[in-house]
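Here the structure is laid out as structure tokens; the discussion comes afterwards.
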There are 2 protein chains.
Amino acid sequence: MSQEKIITIYDIAEKLSLSPSTISRGLQNHAAVNAVTKKKIFDTANEMGYRFNTFARNLRSRKTNTIGVIVPRLNSYFISAMLAGIEKELNGSGYNMLISQSLELQEKEAEYAETMMHNRVDGLIVALAANTTSLDHFQPFFKHHIPLLFADRGIAGNEYTKVVIDNFRAGYEAAFHLAEQGCTRIAHITGNTIRDVYSERRDGYQQALKDKGLSFDESLVFETDLTEISTMKVMNRILKMEVLPDGLFVSNDFCAAIGLKTLKQAGLRIPEDIAIVGFNNDATSRITEPALSTVNYPGQEMGEVVARRLINQLNASNPSEPETLVLKSELIVRSSSLKGGV
Amino acid sequence: MSQEKIITIYDIAEKLSLSPSTISRGLQNHAAVNAVTKKKIFDTANEMGYRFNTFARNLRSRKTNTIGVIVPRLNSYFISAMLAGIEKELNGSGYNMLISQSLELQEKEAEYAETMMHNRVDGLIVALAANTTSLDHFQPFFKHHIPLLFADRGIAGNEYTKVVIDNFRAGYEAAFHLAEQGCTRIAHITGNTIRDVYSERRDGYQQALKDKGLSFDESLVFETDLTEISTMKVMNRILKMEVLPDGLFVSNDFCAAIGLKTLKQAGLRIPEDIAIVGFNNDATSRITEPALSTVNYPGQEMGEVVARRLINQLNASNPSEPETLVLKSELIVRSSSLKGGV
DNA sequence: TTGTACGCGTTATCAT
DNA sequence: ATGATAACGCGTACAA
């Protein structure tokens, strides 16, 4: 009990008067090892408190069975759902998961990418930080042909494999729906439009206005960091407007919920005075009163899909082409945007 | 670009006509290496696309700089806040973080503990699964003197180091507050009471009733898995009672929010007919109307503290005694429990 | 079916 | 300040 010696296959070999290779094979359930011998090996291993050394194996096999994951932040409803999905798939397939959060900073993202590299991850899953503009920090991965997949937040173009939703369409549908409900002045709160998830939603919103013959008013679009504080500030600005908007599309449920509550407290009726649509279908969206219309955004599924795609790629014999997997998202209409009329 | 050879210190050594040892030392910024040589080494390393192999180092040094983290689930507001705290501290100190989720199952927890063992984590942080009753699966860690710290959900007693809040007191305060507000029939919804976090809150609640001279009614305590569905079921049972409760203490903000909304929809006024207190101070608690009274539960801080404690323990020369770190939690009174009286 | 011998990439030790 | 050598623990080609 006191100070445990570290047991290796050599120790087992010695005790059983066998060779280390036989032990190694036995522990791997190698076909060419006598069943009796195998049993003896396993028993002795347990008895001696043997635990095999993944590092020695990794060193030897040049594989780590570890996948790196870099996300903007861990404490987000959407991200944690995605991580849950990734974890499920990876661990189900015998992979480990090394996680870092970039805190929305390209600088940290780069730093962690390097760490992942040093840790010889077999593959990398990334959701880009808000301010990431260049992928230079991922060059080593491309160079060494280590699969790098983007989850949700990738970069425009078809150069890389990514799993996303059709943000343009989602934004379009949200705004279109508000217009259908009779809204003519639809405001939009979005995140950092460096990230295509946000710019595309905004573009979709803009296109919907156009298609519905509504004028686009730049001053009704608010680019923020999607925090509670920023949202409150935007609300104050909105409430001071001479002509209030009659619709609001927010790229994030939590902020939409904050907005909804703030507007109500200011005496406005939701949806009669201002109809609201959020984004993500967070648990929060079912808590607000009225319940929040939102875009269902399949976080867990996205995680599962990206992880499975990565695993397939790792198992594939020939290199796979970059691919963009688009998951289904859909507008969920609840009371916050349902004005009586059509 | 095409197929990159993996560069080792031998390659650099050869190119510079130096010995591998010098390269190794140079790359580590060893004092006893000529500055000029060092520079040459670094430059050549970059130029050749060298990336050092953590596994070889780990194998040699018998340390991995990796900490394992096993949590019940990733997609929980509280857990992800805690993880964010852990990640911050660990990565700040040069540690990596290997994460698994037990999905509240002891069986999976055991499986992952083994994986962590094989990966030779330097330490382990665990929040126990709902149904974990035995710690047998962690025996290897104890045996090999690998620090195992519990975060939030540990096990009773002083045998292990853990970071927690005073759940008894928190539960006591919540129930006491409701009683102070004039509630005399206070219901309680709790999680699996195998976990002390839940049983202690319930005990605190019970003690508060006693101290306020209220009778304890077993049928007003609902042990659930704290999901939305279970909460709805409990609400239905409550609404069917002949005498409704006039207070409700829920061990989880999300469920409290669901409950609050359901009761309101059934025509009850909050807090006049039923006053409610939740737990966690989730973002959700500020969204409900009325805003939810709750117990502030410092998830991120808890993560930071447990990680820091672990790092200290790893750096300490002498073994450290088990210790229970109790973080401050406090009742936050908002409108959902503030009856006019008193 | 089992054993021998070497390599994986690094670092520690001892020597120069 | 630098070099030579062994060792970390395992896997595998080849031999027996």
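Chain letters run A, B, ... following the sequence lines, proteins first and then strands; every chain starts at 1. Values below: all heavy atoms of this structure, side chains included; hydrogens, waters and symmetry mates excluded.
- Note that CG of A:Leu327 and CD of A:Glu304 are 10.0 Å apart. Values are rounded to the nearest 0.5 Å.
- Taking a cutoff of 4.0 Å between a charged side-chain nitrogen and a carboxylate oxygen, A:Lys162 and A:Glu323 do not qualify as a salt bridge.
- Distance CD1 (A:Ile41) to C1' (D:dC10): 14 Å, rounded to an integer number of Å.
- Ion pair A:Arg153/A:Glu104 flagged as a salt bridge, since at least one NZ, NE, NH1 or NH2 atom sits closer than 4.0 Å to an Asp/Glu carboxylate oxygen.
- Legend: ring pair (Phe, Tyr, Trp, His ring centres under 6.0 Å) pairs involving residues 44-65 of chain A, not counting sequence neighbours, sorted by first then second residue: A:Phe52-B:His118, A:Phe55-B:Phe55.
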Write down the protein N/O and nucleotide N/O pairs, taken from nucleotides 8-10 of chain C, whose separation is under 3.5 Å; answer none if there are no such pairs.
| residue | atom | partner | partner atom | Å |
| --- | --- | --- | --- | --- |
| C:dC8 | O3' | A:Arg62 | NH2 | 3.4 |
| C:dG9 | OP1 | A:Arg62 | NH2 | 2.6 |
| C:dG9 | OP2 | A:Arg62 | NH2 | 3.4 |
| C:dG9 | N2 | B:Ala56 | O | 3.4 |
| C:dT10 | OP1 | B:Tyr50 | OH | 2.5 |
| C:dT10 | OP1 | B:Asn53 | N | 3.3 |
| C:dT10 | OP2 | B:Ile9 | N | 2.9 |
| C:dT10 | O4 | B:Tyr10 | OH | 3.2 |

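- Axis deviation across the helix from C:dT1-D:dA16 to C:dT16-D:dA1 amounts to 30°, comparing end segments of five pairs, rounded to 10 degrees.
- Taking 3.5 Å as the limit, the base of D:dA1 and the side chain of B:Thr37 contain no donor-acceptor pair of atoms between them.
- Distance CD/B:Glu89 to CD/B:Gln300: 9.5 Å, rounded to 0.5 Å.
- Donor-acceptor pairing under 3.5 Å is lacking for the side chains of B:Glu114 and B:His137.
- Residues passing the ring-ring contact (aromatic ring centres under 6.0 Å, His included) test with B:Tyr95, sequence neighbours excluded: none.
- No engagement by A:Ile23 is indicated, since no non-hydrogen atom pair under 4.0 Å with the nucleic acid exists.
- When the C1' atom of D:dG9 is taken as reference, atom CG of B:Asn119 falls 15 Å away, rounded to whole Å.
- The separation between A:Met48 atom CE and D:dG9 atom P is 13 Å, rounded to whole Å.
- With rounding to whole Å, B:Leu27 atom CG is found 13 Å from C:dA12 atom P.
- One can place NZ of B:Lys39 at 19 Å from P of D:dA1, the figure rounded to the nearest angstrom.
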What are the atom names and distances for every N/O pair under 3.5 Å that joins the protein to nucleotides 14-16 of chain C?
none

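- Salt bridge A:Lys39/A:Asp43: present, at least one basic N to carboxylate O contact under 4.0 Å.
- Atom CD of A:Glu14 and atom P of C:dG3 are 14 Å apart (whole Å).
- Within the structure, every pair that satisfies the side-chain hydrogen bond (donor to acceptor under 3.5 Å, both in side chains) test and touches residues 58-78 of chain A, not counting sequence neighbours, is listed here: A:Thr64-A:Asp122.
- To the nearest 0.5 Å, atoms CZ (A:Phe150) and CG (A:Leu325) are separated by 14.0 Å.
- With 3.5 Å as the limit, one finds a donor-acceptor pair spanning the side chains of A:Gln28 and A:Ser24.
- Side-chain nitrogen and oxygen atoms of A:Thr22 include none within less than 4.0 Å of the OP1 or OP2 phosphate oxygen of C:dT2.
- Distance NZ (B:Lys63) to P (C:dT11): 14 Å, rounded to an integer number of Å.
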